[in-house]
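To start, the structure itself, in structure tokens.
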Amino acid sequence: MSLRSPPPILSVRPSRALVDEPFEVLVENLPPGGPVTVRSLHRSEDGDDWEAYGHYVSDHSGKVSVSEDLSFGGTFSGKQPMALLWSMRPVPGSRSGLRLRKLKVTTPMLVNISVYRGHNDFRDQTPLASAITERWYMAPGVHRVDIREEEVQGTLFIPPGPGPFPGVVDIWGGWGGLLEYRSALLASRGFASLTVEYLKPGELQTDLEFSSFEAAFNILKDHPKVLSDRVGVLGSSAGSIVTLYLAAESTAVQPRCVVCISNANCYPHESGLSGIQHLLAKKFDKIRLDENNHEIWRGIGLALLDDAPYKVDMGKIRSPVLLVNGLDDQNWPVLETADRMAQVVGAAGKAHLLYRLDYPNTGHQIEPPFSPHFRATNLAIDGTKDKAILLWGGETKAHSEAQEDSWKKILSFLRQHLYCSPKAKI
Amino acid sequence: MPQQLKMEEKPCCVALSVQPSRGLVDEKFVVLVQNTVPSCPLTIHASHQCEDGHSWHAFAHYTSDASGVINVSEDCSVGGTYSGVEAMGLLWSLKPVPGSKPGLRMRKKNVQAPMVITISVYKGHLTEGFGDQVPLAGTEVERWYMAPGVRRIAVTEDGLTATLFLPSGPGPFPGLLDLWGGGGQLVEYRAALLASHGIAAMALDYLTCKYTMETGKMVEQDYFEAAYTFLQKHPKVLSSRIAMLGLSLGTSITLKTAVYSEVMKLRCAVSISGSHVQPLDGFLKETLGYFNENSGKTCFTEDNEAIWRNLLLPIPTDPSLKVDVGKLQCPLMLIVGEDDQNWCAYESAMDIKEMMERAGNSHLLTLLSYPNAGHLIEPPYTPHARSSLFRDVKSRQMLMALWGGQTLEHSRAQEDAWRKLLVFLRKNLYGGVKSTSPLSNL
């Protein structure tokens, strides 16, 4: 017992970070030139275990640096400093079609990083060493406020400091419910951000109309800590329809700039937003199944590209628009939609207002950096009690690179248009 | 609420960031100000309210560059509570705000919550009135003594008053007994920080522990042996890799233990700001008694601050009054401040070095001696107190003690000493296998 050797030392720096910040994982004091597996493990709020791992070989001094060394297999390979996060997937034996999303943003995501001897059967072993790292959506001092107005339910996040701050209305897409994490992160990056609840989890049905979002915009704009003339909108998936409407056609509000991730642009005018589910349902015969029986919905969108009664008239945009799309999006024809929008914008002489980021091999769910990629996930279809697995698309490595790259560029775009100095390079 | 100005006149949305925003107490950060007017005079200000409710602050004067940026790690402060290029000056130069009670010292009691510091940037070069102006920007920073996953365990068995901090992970880990000085109490923060670096560290109260408070008697050697044995037997501790770290009076115990103890076989020892001078006969009670006999050598400054460094001077030649460091068999690191006004740590260190050179075991000694550093050599980036109110445990008297040190050099010493201390512990507790033990596979 007294002759046991000291164990390897595993460190993660920084040990506490925001979710969009990189870390360095270093293992020391290993036997030199030996095979080891470095593994991350996280238990989600739903109680599922997620893991990622890489196979490494220690150097002559007994060190493995995940930032510098190459992985020779696992859930990722090659030199990938952050793959222990973005290549995470449910552990073997888990339910299928799972998705990792943090609902409670006031606490950090806890990730356990361990090192095991060898490249095989590591799950049966006690690790040689491990460390826990915290990943936060909220920076210290970010303030979370519940918004419960008649027309608008949501959550507001305000950066620390005296302010006032530029604002960003954050609008999600279908089936999400009230998602706070992106707004929390935007506030950690200096933007007061309001996320609006308009679709209950598992639903595409909403009672809200465009006017509710105009009300949300005004709540943010009129807040004493927000610069009223520096409010933008960020929308993803179905949320991009509202975003584009506010940018082009709203007479009540005028965003200073907008970002659309995985853009869509169609709505049934006679029933407004509340008719979207019905509109899509009319084209359900266009759903295709892939070899795994996962549902490909992009055919619905393609059919609606020409058939849809209404599209937001992009010729009327009054401020810069950034479109972020994945070229392997299997849920919506985002590329075709963006191309149509570009035509309309160009014809109106406003091409200088439209910016596009098109990412190859990237799917529909373009999330903040280092979030695990899901090629397909479960969805309970409202009203039918059926469960389907929807195909979002994307190849993990390329999709993760797109997440990292697009987030930087989205922040840079927002800073350029919402912070004061036109020469700012932040 | 400021009046609405025309677009051109609105103040810039100055962006202030601190990376990392949540760090360990000994980690560096980068304070960045962006989007200011170019070549603009600005003040960066740090404020902190400590656990006993006192307010501390630090500030520095900068001028933004041509692109409206200030990087505290690269740019020069031209005035304030520090000057020059000092990445961490906003922390180590923290002082009690004007009007505070004199003799304050910042020490964290609850190590499970972070220290929260507000960093702000103000227009112009201000030296006061920070509360009256609205800053251009502000942010919050958390400084932690405990890394995620470090476990805090109260230890009361075997009559001990202690707290054990276990690093994250399956272990087992090298162990360490952490001893503070004459002020007593159970001081946890250094042990918590060491556990964040992979050492199972146990902070031990030996002056105001349960035994002493109940009986009025000082503990004997067996109290420390019980602490050592507790660690040795702990399933998460490597029994052959236990060190002792002592500051001030803790040094007296550390040196005596390292040289003479039959029970406590230390892998290595660290002594900060202390001395080997003590009566060899007896233990804690006799050591304190010896100080008491010499208390007539106490001096006072014009501000009535007590200087106790002369109590053990001159360094005696009588061998019964000094730990015979020539008999030491394990590596020893000595850390001393040359401006220590509380103990004659520097003179003691010189004598220790000489004794070890004569005995032929000086290869075991690493001596770090810092000019203009004082007595309280603490973990880095924590504020320096040149003097503070001190309650002597035995006499219960409250005095202003002069610790010494000039803030800038003392802070540099803290940073350098801590880094070297961690390397020393890493090498001796994690490194190499002793030649007498067989090589073992992990």
Side-chain angles (χ1 to χ4, degrees), chain A residues 1-18 21 28-31 34 108 110-112 114-115 117 126-134 136 139-142 159-166 188-190 224 227-230 415 418-421 423-426, chain B residues 1-2 4 7 10-17 19-24 27 34-37 67-69 114 116 118 120 134-142 144 147-149 167-174 196-198 232 238-241 426 429-431 433 437-442:
Chain A
M1 167 104 157
S2 60
L3 297 175
R4 283 180 300 180
S5 299
I9 304 158
L10 189 149
S11 61
V12 183
R13 301 234 162 82
S15 51
R16 294 180 173 92
L18 290 179
E21 287 168 354
E28 298 167 280
N29 226 37
L30 288 164
L110 294 177
V111 182
N112 190 309
S114 315
V115 61
R117 191 197 335 259
T126 306
L128 299 172
S130 67
I132 295 183
T133 180
E134 291 178 2
W136 289 83
V142 166
F165 306 98
S188 301
R189 294 294 171 210
L227 287 161
S228 52
D229 60 331
R230 292 186 184 264
R415 282 179 189 134
L418 300 181
Y419 269 84
C420 286
S421 164
K423 295 197 211 105
K425 288 196 300 257
I426 43 173
Chain B
M1 183 60 200
Q4 290 298 323
M7 193 70 72
K10 268 213 178 84
C12 265
C13 304
V14 171
L16 170 64
S17 72
Q19 285 286 94
S21 51
R22 294 179 173 95
L24 287 179
E27 280 173 356
Q34 295 169 297
N35 216 32
T36 72
V37 171
S67 45
V69 172
V116 178
T118 303
S120 314
V134 177
L136 297 172
T139 192
E140 273 185 29
V141 179
E142 291 176 4
W144 290 80
S168 193
F173 310 99
S196 304
H197 287 279
Q232 215 189 11
L238 286 162
S239 50
S240 63
R241 289 174 187 253
R426 169 70 70 95
L429 294 179
Y430 268 95
V433 185
S437 359
L439 286 168
S440 55
N441 293 326
L442 286 171

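So that the names make sense, note that chain A is the first sequence line, chain B the second, and so on, each numbered from 1.
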Please classify the contact of A:L18 with chain B as side chain, backbone, both or neither, using a heavy-atom distance under 4.5 Å.
side chain
Among B:G169, B:P167, B:S196, B:S168, residue most engaged with chain A (heavy-atom pairs, under 4.5 Å)
B:S168
Note: vs chain B, highest number of non-hydrogen pairs under 4.5 angstrom among A:S130, A:G161, A:P140 is A:P140
List for me each residue that meets salt bridge (Lys or Arg N to Asp or Glu O under 4.0 Å) alongside B:E140, sequence neighbours excluded, and say none if there are none.
none
Just jot down the salt bridge (Lys or Arg N to Asp or Glu O under 4.0 Å) partners of A:R13, sequence neighbours excluded, or say none.
none
Non-hydrogen atoms of B:P148 and A:I132 that approach each other most closely:
CB-O, 3.4 Å
salt_bridge(A:R16, B:E142) N-O dist < 4.0 Å:
no
Identify the two heavy atoms, one from A:P162 and one from B:P135, that lie closest to each other, and give their separation to 0.1 Å.
CG-O, 3.2 Å
Using the rule given for side chain to side chain contact (heavy atoms under 4.5 Å, CB included), can you reason through A:R415 versus B:N35, listing the C-alpha separation, both sets of side-chain angles and the distance that settles it, and then say yes or no?
CA-CA 10 Å; A:R415 282 179 189 134; B:N35 216 32; over 6 Å; no
Can you tell me which portion of A:A129 sits under 4.5 Å from chain B's heavy atoms? Options are side chain, backbone, both or neither.
backbone
Using non-hydrogen atoms and a 4.5 Å limit, figure out which bit of A:T126 sits close to chain B: side chain, backbone, both or neither.
side chain
Which atoms of B:S120 are under 4.5 Å from chain A, going by heavy atoms: the side chain, the backbone, both sets, or neither?
neither
Which atoms of B:L16 come close to chain A, meaning under 4.5 Å heavy atom to heavy atom: side chain ones, backbone ones, both, or neither?
neither
Tell me the closest heavy-atom pair linking A:P160 and B:T139, and the distance in Å.
CG-OG1, 3.7 Å
In this structure, CG of A:L418 is separated from SG of B:C13 (nearest 0.5 Å) by 9.0 Å
Please check this pair: side chain of A:N29 against backbone of B:Y430, looking for a donor-acceptor N/O pair closer than 3.5 Å.
yes
